[in-house]
Amino acid sequence: MQRITSIATRRELGVFTTQGPAAYRQCASVRLCAIIRPLAGETTPPGLRLRRPRGQCVFFAGQKHRPYSTEGRDEPQRAGGHPGVSVVGVPDPITWIRCKVVMHLIDLCFELGITSVEFDKGVKQALVHVSNMMSSGKFEDLRGIVSNKMVDYVEEKCKSLTDVQRQELAISVDDIIFLLPEDVSVFVDEYGRRFCFLAMRFWLLSTLEGPDDPEGTEIFKVASSEDGGPQKRVVTAVYEFQRELTRGAPSDWTITNVWHWHWKLSD
């Protein structure tokens, strides 16, 4: 199966990378043309569940709130779901096409369901859960869902924010405008274990005060508030997900990197 993956990828994408998944890189420097690369990081503990059950809700370990239904009632990207938000640009189409090609190849070989609507709802659910845990300072509750190394990192980042800034980290389902894959691959570590790596960027509505997020303002524009409430703006967040594909390994996804535009306030 790995040989089939390699042949298909070489034919479609032409390039392999030998770089492991590092901390989040800007889109211009991300190698999106790869499907096999070595591991740089810790092994995957049991955690986020983003499997593709038929006719069921997507859920993950530690969840205490109602999961997304599959009836579309909670879908935040329906028409008219964000009044006052207009589209003024488009994300990089080459990034989208390359990621979609690789994702379909991975689905063809490993049947992960990462191109499904249920998976999109699952990663949105993960963003909501993790951001709310960070906002409330419940970092220990993230262990098993987020890698231990990343839990320590986000705890340090949150310490450098004011109480108000940390509270602004909390995201609700209705705050999510759009999401897009920015990097996806399958890599093999020195022990021969296979992992799937996926980086997703989210565009979010926030009342955060501070510098504009260029990734947000280049694509979306928010009309001025007319009700006297806080002015909303579009900011982004990037989450990286990882799952072991080795036969017999748990079918759980773990968040291995968390990046919010809010971190800019602590730089």
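A distance-only check finds a donor-acceptor pair linking the side chain of Asp189 to the backbone of Arg193 [under 3.5 Å]. Side-chain atoms of His262 come within 3.5 Å of backbone atoms of Glu168 as a donor-acceptor pair (strictly under, hydrogens ignored). Listed for the Asn132 side chain is a donor-acceptor partner under 3.5 Å among the backbone atoms of Val128. In terms of modelled atom types and a separation under 3.5 Å, the side chain of Asp120 and the main chain of Val117 share no donor-acceptor contact. Not a single donor-acceptor pair under 3.5 Å links the side chain of Asp183 to the backbone N or O of Ala199. For the pair Gln167 (side chain) and Val164 (backbone), a donor-acceptor distance under 3.5 Å is absent. With hydrogens and angles ignored, the 3.5 Å screen pairs no side-chain donor or acceptor of Asn257 with any backbone N or O of Met150. In terms of modelled atom types and a separation under 3.5 Å, the side chain of Thr254 and the main chain of Ile145 share no donor-acceptor contact.
In this structure, the side chain to side chain contact (heavy atoms under 4.5 Å, CB included) partners of Ser224, at least two apart in sequence or on a different chain, are Gln231. By the side chain to side chain donor-acceptor pair (under 3.5 Å) test, Asp212 pairs with Arg233, sequence neighbours left out. With sequence neighbours left out, the salt bridge (charged side-chain N to carboxylate O under 4.0 Å, His left out) criterion links Glu209 to no other residue. Every residue was checked against the side chain to side chain donor-acceptor pair (under 3.5 Å) condition with Ser135, not counting sequence neighbours, and none meets it. Residues that satisfy the side chain to side chain donor-acceptor pair (under 3.5 Å) test with Thr246, not counting sequence neighbours, are Glu244. Under the side chain to side chain contact (heavy atoms under 4.5 Å, CB included) criterion, Val90 pairs with no residue, sequence neighbours left out. By the side chain to side chain contact (heavy atoms under 4.5 Å, CB included) test, Glu156 is found to be paired with Lys159, residues two or more places apart in sequence or in another chain being considered. Applying the side chain to side chain contact (heavy atoms under 4.5 Å, CB included) test to Pro214 and every residue at least two apart in sequence or in another chain returns Glu218, Trp261. Ser136 is linked by a side chain to side chain donor-acceptor pair (under 3.5 Å) to nothing, counting only residues two or more places apart in sequence or in another chain.
Contact of the Trp263 side chain with the Cys158 side chain is registered, since non-hydrogen atoms from C-beta on lie closer than 4.5 Å. Side-chain atoms of Val146 and Val154, non-hydrogen and from C-beta on, never get closer than 4.5 Å to each other. In this structure the side chain of Cys196 reaches within 4.5 angstrom of the side chain of Leu112, judged on heavy atoms. Under the 4.5 Å side-chain criterion, counting only non-hydrogen atoms from C-beta, Glu240 is not in contact with Trp259. Counting heavy atoms from C-beta outward, Ser185 and Val102 have side chains that stay 4.5 Å or more apart. Using a 4.5 Å heavy-atom threshold, the side chains of Leu198 and Met200 count as touching. Counting heavy atoms from C-beta on, the side chains of Val123 and Phe241 come closer than 4.5 Å. No side-chain heavy atom of Ile177 sits less than 4.5 Å from a side-chain heavy atom of Leu204.
By the criterion of side-chain heavy atoms lying less than 4.5 angstrom apart, applied directly or through intervening Ile, Leu, Val, Met, Phe, Trp or Tyr residues, Val87 is grouped together with Val222 in one hydrophobic cluster.
Considering CG of Leu169 and CE of Met133, their distance stands at 12.5 Å, rounded to 0.5 Å. Between the NE2 atom of His104 and the SG atom of Cys99 there is a distance of 11.5 Å, given to the nearest 0.5 Å. In this structure, CE in Met103 is found 14.0 Å from CG in Leu108, a value given to the nearest 0.5 Å. One finds the CG atom of Leu208 at 13.0 Å from the NZ atom of Lys232 (value rounded to the nearest 0.5 Å). If you take OG on Ser86 and CD1 on Ile219, they are separated by 12.5 Å, rounding to the nearest 0.5 Å. With rounding to the nearest 0.5 Å, the separation of CG in Leu205 from CG in Asp175 is 6.0 Å.
Centroid-to-centroid, the aromatic rings of Trp253 and Phe119 come within less than 6.0 Å. Taking the six-membered ring where the residue is Trp, the centroids of His260 and Phe202 are separated by 6.0 Å or more.
The two residues Ala126 and Ile255 come nearest to each other via the heavy atoms CB-CD1, 4.2 Å. Considering every non-hydrogen atom in both Gln242 and Phe195, the closest pair reads NE2-CD2, 3.6 Å. Minimum heavy-atom separation, Ile171 to Ser131: N-OG, 3.0 Å. Scanning all heavy atoms of the two residues, the minimum distance from Gly113 to Asp107 falls at N-OD1, 2.7 Å. Among all heavy-atom pairs drawn from Thr207 and Pro230, the shortest one is CG2-CB, 3.7 Å.
The aromatic rings of Phe178 and Trp203 are tilted relative to each other, their planes meeting at an angle between 30° and 60°.
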Verdict with supporting geometry, Gln125 and Val173, side chain to side chain contact (heavy atoms under 4.5 Å, CB included):
CA-CA 8 Å; Gln125 187 181 45; Val173 176; over 6 Å; no
Evaluate Leu142 against Met134 for side chain to side chain contact (heavy atoms under 4.5 Å, CB included), listing each step before the verdict.
CA-CA 9 Å; Leu142 295 175; Met134 292 192 300; 4.1 Å; yes
Verify side chain to side chain contact (heavy atoms under 4.5 Å, CB included) between Asp163 and Arg166, making sure each step is shown before the conclusion.
CA-CA 5 Å; Asp163 290 343; Arg166 193 186 73 245; 3.3 Å; yes
Given side chain to side chain contact (heavy atoms under 4.5 Å, CB included), test Leu180 with Trp96 step by step and report yes or no.
CA-CA 7 Å; Leu180 191 73; Trp96 184 85; 2.9 Å; yes
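Screening residues 125-140 for salt bridge (charged side-chain N to carboxylate O under 4.0 Å, His left out), with sequence neighbours left out, gives Glu140-Arg143.
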